[in-house]
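We use all heavy atoms of the structure for the numbers below, so side chains are in, but hydrogens, waters and symmetry mates are not. For this chain, numbers begin at 1 and follow the sequence in order. In this text the structure is predicted, and so the values were computed from the model without any measurement.
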Amino acid sequence: MENNLGLTNIKQIKEIEYYLFNIKYHIIDETFTFNETDLFNTAYLEKIHLFLFSDIYSVDDCKIRKNVSEKIINEINNELKKLKEMLIYEDTIGVKDMIYKIWEYQIFHDGNTRTILCYLKILSNIFNLKVNYDFTKDVDKDYFITEVIDSIEETQKIK
């Protein structure tokens, strides 16, 4: 991916990327919904990703990769619909597996973990999902999905 800044030093690009990401990551909260009526689809994930990275990379590079099939998009959308039901009914057993599965598809060129982290932050605020992750700390690495997934508390609503 080429950057919009005209930089060639990879270390410098990453430093700027983390800096801009952290600014945007810290302003995302439950009111930051991109005017969507449904947060549970790949289009919403793409909007988060565009918000986070389009200052540095082209809009096309920030969208879902072109080689991601419609079948995979549909699978992810189905997982997100299941996630919605779980959160509405406060039955979060399996949320860890579901979030990890969505991440595993790696639908973006780069920044998949950071996009999932922001999505989880939004969901935890809206649905009071219990997450033992410090959303106030800066992110300075790309690969930390295990830390994010392990921070999700799974509970089942008493019926």
Side-chain angles (χ1 to χ4, degrees), residues 1-4 10 13-14 17-18 20-22 24-25 27-133 135 139-156:
M1 290 187 328
E2 288 188 34
N3 64 78
N4 294 336
I10 294 173
I13 294 166
K14 271 297 179 190
E17 182 181 310
Y18 289 132
L20 289 174
F21 167 80
N22 281 307
K24 291 183 175 191
Y25 164 70
I27 65 172
I28 286 182
D29 63 16
E30 69 274 9
T31 61
F32 201 87
T33 60
F34 303 101
N35 298 319
E36 292 293 317
T37 56
D38 189 2
L39 312 178
F40 297 92
N41 57 59
T42 54
Y44 186 72
L45 293 175
E46 185 175 74
K47 286 182 180 187
I48 293 172
H49 199 78
L50 280 161
F51 171 74
L52 295 172
F53 298 105
S54 65
D55 289 334
I56 300 172
Y57 303 106
S58 75
V59 169
D60 285 340
D61 284 339
C62 293
K63 290 185 175 184
I64 295 171
R65 292 181 291 114
K66 289 182 178 18
N67 64 342
V68 176
S69 71
E70 195 64 36
K71 179 183 178 211
I72 296 222
I73 297 293
N74 289 335
E75 287 175 18
I76 296 169
N77 284 329
N78 286 334
E79 292 296 322
L80 290 167
K81 286 178 189 172
K82 291 177 196 172
L83 178 61
K84 179 180 183 178
E85 292 298 313
M86 294 170 107
L87 294 173
I88 288 171
Y89 294 108
E90 298 176 23
D91 182 359
T92 59
I93 301 295
V95 167
K96 286 181 179 186
D97 293 338
M98 197 167 294
I99 295 289
Y100 187 78
K101 185 175 181 180
I102 292 165
W103 171 85
E104 274 187 311
Y105 285 108
Q106 295 288 299
I107 60 175
F108 303 108
H109 291 284
D110 190 26
N112 287 278
T113 303
R114 288 173 280 167
T115 297
I116 291 295
L117 176 63
C118 289
Y119 186 60
L120 190 58
K121 181 181 181 182
I122 292 166
L123 294 180
S124 71
N125 285 330
I126 293 171
F127 292 96
N128 198 29
L129 179 64
K130 303 294 184 232
V131 180
N132 289 322
Y133 185 87
F135 289 117
V139 172
D140 61 359
K141 55 188 173 182
D142 291 341
Y143 190 86
F144 56 101
I145 192 63
T146 304
E147 182 182 341
V148 172
I149 297 301
D150 288 346
S151 73
I152 301 169
E153 289 184 27
E154 294 186 310
T155 58
Q156 191 163 7

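Ion pairing of Lys82 with Glu79 is present here, as a side-chain N (NZ or NE/NH1/NH2) and a carboxylate O approach within less than 4.0 Å. Salt bridge present: Glu75 and Lys71 bring a charged side-chain N and a carboxylate O closer than 4.0 Å.
The CG atom of Asp97 sits 12.0 Å away from atom CG of Leu83, with the distance rounded to the nearest 0.5 Å. Distance CG/Asn3 to CG/Asp55: 12.0 Å, rounded to 0.5 Å. For the atom pair CZ of Phe40 and CG of Leu45, the computed distance is 10.0 Å after rounding to the nearest 0.5 Å. Separating the NZ atom in Lys66 from the CG atom in Asp61 is a distance of 8.0 Å, to the nearest 0.5 Å. Atoms OG and OH, from Ser124 and Tyr133 in turn, are 11.5 Å apart once rounded to the nearest 0.5 Å. The CZ atom of Phe53 lies 10.0 Å from the CG atom of Leu20; values are rounded to the nearest 0.5 Å.
Without hydrogens or angle criteria, His109 side chain to Lys63 main chain gives no donor-acceptor distance under 3.5 Å. Between the side chain of Asn77 and the main chain of Asn41, no donor-acceptor pair closer than 3.5 Å is present.
Residues Met86 and Ile93 approach most closely at CE-O, 2.7 Å, considering heavy atoms. Contact detail for Ile107 and Asn112: the closest heavy-atom pair is N-OD1, 3.2 Å. Among all heavy-atom pairs drawn from Arg114 and Asp142, the shortest one is NH2-OD1, 3.0 Å. A pairwise comparison of heavy atoms in Lys96 and Glu154 identifies N-OE2, 3.3 Å as the closest pair. Thr113 and Ile145 make their closest contact through CG2-N, 3.7 Å (heavy atoms, listed as atom of the first residue, atom of the second, distance). Smallest separation of non-hydrogen atoms from Glu153 and Asn132: OE2-ND2, 2.7 Å.
Stacking of Lys14 on the aromatic ring of Tyr18 is recorded, both the 6.0 Å distance cut-off and the 45° axial limit being met.
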As a quick check of understanding, evaluate side-chain contact (heavy atoms from CB on, under 4.5 Å) for Leu117 and Phe135, giving each step before the final call.
CA-CA 9 Å; Leu117 176 63; Phe135 289 117; 3.7 Å; yes
With side-chain contact (heavy atoms from CB on, under 4.5 Å) as the criterion, how do Trp103 and Ile149 come out once you've worked through the C-alpha distance, each side chain's angles and the decisive distance to 0.1 Å?
CA-CA 10 Å; Trp103 171 85; Ile149 297 301; 5.9 Å; no
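Contact annotation: the side chain of Ile122 approaches that of Ile48 to within less than 4.5 Å [non-hydrogen atoms, C-beta and beyond]. Between Asn128 and Glu90 there is no side-chain heavy-atom pair separated by less than 4.5 Å. Considering only heavy atoms from C-beta on, Asp110 comes within 4.5 Å of Glu17 through its side chain. Side-chain contact check for Tyr100 versus Val148: every heavy-atom pair is 4.5 Å or farther apart.
Surrounding CD of Gln106 are more than 12 heavy atoms belonging to other residues, nucleotides or ligands, all under 6.0 Å away. When the shell of 6.0 Å around CD1 of Ile10 is examined, it contains 12 or fewer heavy atoms from other residues, nucleotides or ligands.
Taking the six-membered ring for Trp and the full ring otherwise, Phe108 and Tyr119 have centroids separated by 6.0 Å or more.
Partner of Val95 under the side-chain contact (heavy atoms from CB on, under 4.5 Å) criterion, out of Ile152, Thr155, Leu120: Ile152 alone.
Using a 30° and 60° split on the angle between ring planes, Phe21 and Tyr25 fall in the parallel class, below 30°.
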